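All remarks here apply to the structure that follows.
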Amino acid sequence: MTQNLDTAVIRTIGLEKYYGIHQVLFGVDFSITEGERVVIMGSSGSGKSTFIRCLNGLESTQGGHIQFHGRDIEALAERDWRPLRRRIGMVFQDFALFPHMTVLNNLTFAPVREGLMKKAAAEERALALLERVKLRGKERSFPSQLSGGQQQRVAIVRSMMMSPEVMLFDEPTSALDPETVGEVLAIIQDLTSEGLTSIIVTHETNFARKCANRIVYMDAGKIVEEGSPEKFFTSPDTERARSFIASHN
Amino acid sequence: MTGIAIDWNYFWSVAPLFLRGLELTLVLCLVCNGISIAVAYVLATILYFRTPVLCQLIRAYVSLIRNTPMLVQLFFFYFGLPEIGVAASPLISGIIVLTVWATAYQTENIRGAIEGLPPRLTEAGRSLGLRPGGLFVFVIAPVATRTVVPAMMNTIISATKNSALLSSIGVMELTYVAMDNIAESYRSMENFLALLICYLTIVMGLSAIVTLLERHLGRGYRR
Ligand SMILES: Nc1ncnc2c1ncn2[C@@H]1O[C@H](COP(=O)(O)OP(=O)(O)OP(=O)(O)O)[C@@H](O)[C@H]1O
Ligand SMILES: [Mg+2]
């Protein structure tokens, strides 16, 4: 791959992942270009989480390549992943906020600690982002004092604080009450509408239809189908995708 | 003396002696527990970062202490080591042995609390690009500290109670005072009653402090 011809921000080539002797990714070929919003769907255990966790080095891989702007990163040491992770944000299903820190400290801790921002600047940015996700006034609260939807919005803002180029969302609304799913999806849509490259694992078909530039469907550790939302939801090529869609409507 | 009658005059007459013993017990408790908690954080940090060699040494030390009686450790240190030229006064020996004993338990408490944290906490830190040092000091250790308080408290109370064993090498703490009085006056009932009251007071006082501490640490933090 030469860097100049490849417009992909992230690309994987034949990516393989084993947990011990148990193989979960069987040669995943994937790419995402700048500003693209890709939704990954697939049944439970198909390897969606594992795949996106590989993309920011939370999991090691045993075969194939991961490229970030054309550069192989799959074999990086933990310390070399660190600067990359600031450019690849991640949001987890269970929010994973720091429970002993206020909302504001959750947001400013990493950028200040890692010397990316001065404290005052970080707080200013945090407050502006809180305003944007309609949580202004909650900056002194602790995570346990917030609803699930509010915590997830804080978690999203926490990743955004690092000004990432790419955002990875792993089922950001799966742990939420049905009433709060909408508010979180709206925030994701808003924040990614300005061309923030994002990969979103979700079971929310309406969101996928509306927001995805492309749907990637995974099954048993492989990408078996990908295409535009219209194509995917109306006339999928594979039988597996068809039955998956049928069971999610 | 007849039956269970308690000679209150005698009881109050030994009170000043007990106060002096109490003072030493409290100092022992403060010094040994204070040092052991501080050192235990250092050892637990080394375990967390899996520092080679040191990590194995700490594990061996912790299991040695936890799997042998403290009285035997005390005798080994006070009566055994002088034979190879390592000798210290009863007080210093007592402080060292009690501290070494409590440190092993506190290390295990902190290690357990850290390992019990959700792995997600570390992952969240890693995915923000935090370096391991900052992540440990500002996230892992403080969050673990909130869950470790009850276990840490148990060890503090055990160490306080175990300080009674130091009387056996002649440290003039509470229990020594009681035994000394009994040897002189043959009044067991009064002395042991006073002794029980003293230990009960210390331990209940400690529990009260920790309840306050837990409430403080628990601010805004429920699980
Ligand atoms: N830490 C782990 N150790 C061993 N096996 C694992 C681990 N994490 C996941 N697996 C296995 O890997 C496979 C893929 O899991 P993964 O969590 O990536 O699926 P998923 O598509 O995200 O599923 P879900 O929709 O339920 O979140 C599953 O068979 C799972 O049991
Ligand atoms: Mg998953």
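Just so you know, these numbers come straight off a predicted model, no measurement behind them. Letters go in sequence order (proteins before strands), and every chain restarts at 1.
- Taking the charged nitrogens against the carboxylate oxygens, B/Glu115 and B/Arg111 do have a contact shorter than 4.0 Å, which makes a salt bridge.
- Ionic pairing of A/Arg132 and A/Glu194 is present here: one or more N-O contacts between side-chain nitrogen and carboxylate oxygen are shorter than 4.0 angstrom.
- Scored by the ring-ring contact (aromatic ring centres under 6.0 Å, His included) test, B/Phe76 finds no partners at all (sequence neighbours excluded).
- Residues of residues 36-58 of chain A lying under 4.5 angstrom from chain B, judged on non-hydrogen atoms, are A/Arg53, A/Asn56, A/Gly57, A/Leu58 in numerical order.
- Of the charged side-chain nitrogens involved, at least one lies within less than 4.0 Å of a carboxylate oxygen, so that B/Arg126 and A/Glu78 count as a salt-bridged pair.
- Of the possible donor and acceptor atoms, one in the side chain of B/Asn33 sits under 3.5 Å from a partner among the backbone N and O of B/Cys29.
- Of the listed residues (A/Arg87, A/Arg113, A/Arg86), the greatest number of heavy-atom pairs within a distance under 4.5 Å of chain B belongs to A/Arg113.
- Residue A/Leu168 does not touch chain B at all, counting heavy-atom pairs closer than 4.5 Å.
- To the nearest 0.5 Å, atom CG of residue B/Leu121 and atom CD of residue B/Glu123 are 10.0 Å apart.
- Of the atoms belonging to A/Leu97, it is backbone heavy atoms, and not side-chain ones, that fall under 4.5 Å from chain B.
- Within the 3.5 Å criterion, the main-chain N or O of B/Asn154 finds a donor-acceptor partner in the side chain of B/Ser158.
- A/Lys17 places a side-chain N or O within 3.5 Å of a backbone atom of A/Ser60 that can act as its donor or acceptor partner.
- For A/Met101, the part lying near chain B is the side chain, with the backbone staying farther off; criterion is any non-hydrogen pair under 4.5 Å.
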